[in-house]
Amino acid sequence: MVLDLDPLGDRAFLARFPTEDAARAWAATVRNRAFQGVDDVVLAYRSTAVFADPERCDLETLERALRTLEPQIHDAEVGARHVVPVLYDGPDLAHVASTLGLSRDEVIDRHAGRDYHVFAVGFLPGFPYAGYLPPELSGLARRAEPRLEVAAGSVAIAGRQTGIYPMKSPGGWQLLGRTPLRIADPEAGRFPIRAGDAIRFQPIDRHEYEARLHERL
């Protein structure tokens with residue numbers, strides 16, 4: 001298999017693919033092969049970066065192996081599936097419903113009605129970019145004026161994607177609700193949600209939210 005594969009610095013390669021599914025399958029296959037000297041495999045949408053230690057492997061040999069690697073279809077399904085409870089009381093829920101011509105319950109039902117693939121993790125440590133939203137929820141722009149402070153655990157949408165703020169930060173996505181779970185612990189280096197995983201949102205009431213506050217994912 002000939003890939004669009006280019007050097008990324010002096011110890012990594014970047015592979016590009018036509019679809020997110022193809023990138024996810026290839027990244028999973030590289031991880032499963034456990035090539036000697038490969039330190040990390042980072043999936044992001046339609047690309048995958050492979051980082052290697054040149055003191056533990058020959059980069060030219062690794063490049064040839066990556067170019068001929070045939071992804072296995074079942075490898076695309078090895079990511080973890082995370083069920084994330086959400087109290088849908090976000091400050092933008094009414095605005096989202098009105099803009100999209102839906103009721104609040106319809107927004108909730110559609111948002112919680114499918115699994116989402118995690119395409120990448122950024123702009124904050126542990127922030128999952130997940131998608132794609134159902135057509136009825138797609139196309140909303142970010143807020144014209146981003147909030148200076150979005151609470152940790154906030155669940156939001158923008159464009160065709162949904163995400164979860166792992167910590168307090170500024171942010172411009174439309175806030176639908178909040179999860180009581182701590183989805184990342186940067187100080188401990190704990191980031192349970194990875195690119196290639198899946199997320200399913202589960203509506204909960206305020207009582208369950210309070211009972212599960214500060215649990216870890």
Side-chain angles (χ1 to χ4, degrees), residues 1-84 115-132 152-153 161-171 173 179 181-200 215-217:
M1 178 180 180
V2 178
L3 289 176
D4 181 0
L5 186 72
D6 295 307
L8 184 64
D10 61 355
R11 56 176 59 205
F13 300 96
L14 182 65
R16 298 179 180 86
F17 302 88
T19 66
E20 290 88 348
D21 286 345
R24 188 167 62 251
W26 191 83
T29 301
V30 174
R31 292 188 184 116
N32 289 345
R33 284 287 301 273
F35 290 104
Q36 181 176 352
V38 170
D39 292 325
D40 202 3
V41 180
V42 180
L43 172 66
Y45 293 94
R46 298 181 182 183
S47 68
T48 298
V50 179
F51 295 87
D53 182 350
E55 295 186 0
R56 295 191 290 120
C57 70
D58 179 77
L59 294 181
E60 291 185 1
T61 301
L62 176 61
E63 180 180 2
R64 287 194 295 271
L66 294 175
R67 287 188 182 279
T68 59
L69 186 66
E70 290 288 348
Q72 302 300 310
I73 299 300
H74 67 272
D75 281 341
E77 301 174 354
V78 300
R81 183 177 184 269
H82 307 279
V83 177
V84 178
D115 285 5
Y116 297 96
H117 291 300
V118 179
F119 296 123
V121 177
F123 67 104
L124 298 167
F127 182 101
Y129 287 92
Y132 287 116
Q161 298 181 96
T162 187
I164 311 167
Y165 287 80
M167 61 194 70
K168 182 172 64 177
S169 77
W173 287 31
T179 179
L181 304 187
R182 188 176 186 185
I183 69 161
D185 186 354
E187 293 182 359
R190 183 177 181 274
F191 302 99
I193 300 177
R194 300 178 59 185
D197 287 356
I199 294 174
R200 181 82 173 209
E215 282 185 15
R216 299 202 310 174
L217 183 65

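Quick note: numbers below take in every heavy atom, side chains included, and nothing from hydrogens, waters or symmetry partners.
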Donor-acceptor check, side chain of R200 to backbone of R81, threshold 3.5 angstrom: yes or no?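 Looks like no, no N/O pair under 3.5 Å.
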Working to the nearest 0.5 Å, report the span between [atom1] of [X] and [atom2] of [Y].
X: T162; Y: I199; atom1: OG1; atom2: CD1; value: 7.5 Å
X: D6; Y: R16; atom1: CG; atom2: CZ; value: 5.0 Å
X: D53; Y: L62; atom1: CG; atom2: CG; value: 11.5 Å
X: H82; Y: T179; atom1: NE2; atom2: OG1; value: 12.5 Å
X: R64; Y: D58; atom1: CZ; atom2: CG; value: 6.5 Å
X: D185; Y: L217; atom1: CG; atom2: CG; value: 12.0 Å

May I ask you to test the [X]-[Y] pair for a side-chain heavy-atom distance under 4.5 Å?
X: L14; Y: S47; result: yes
X: P128; Y: I183; result: yes
X: H117; Y: R24; result: yes
X: Q36; Y: T61; result: no
X: R216; Y: P192; result: no
X: F123; Y: S169; result: yes
X: V30; Y: T48; result: no
X: V50; Y: F35; result: no

Could you report the tightest heavy-atom contact between [X] and [Y], atom names first, then the distance?
X: Y116; Y: Y132; result: CE2-O, 3.5 Å
X: R46; Y: P18; result: NH1-O, 3.2 Å
X: A184; Y: P125; result: CB-O, 4.3 Å
X: P166; Y: L124; result: CD-CD1, 4.0 Å
X: P71; Y: T29; result: CA-OG1, 3.4 Å
X: A12; Y: F51; result: CB-CD2, 3.5 Å

side-chain contact (heavy atoms from CB on, under 4.5 Å) between R33 and L66, worked out: CA-CA 10 Å; R33 284 287 301 273; L66 294 175; over 6 Å; no
Aromatic ring pairing W26/F17, orientation class (parallel under 30°, perpendicular over 60°, tilted between):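 It falls in the tilted class, 30° to 60°.
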CZ/R194: more than 12 non-hydrogen atoms of other groups inside 6.0 Å: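 Not more than 12 within 6.0 Å, no.
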With [X] via ring pair (Phe, Tyr, Trp, His ring centres under 6.0 Å) - residues at least two apart:
X: Y45; result: F119
X: F13; result: none
X: F191; result: none

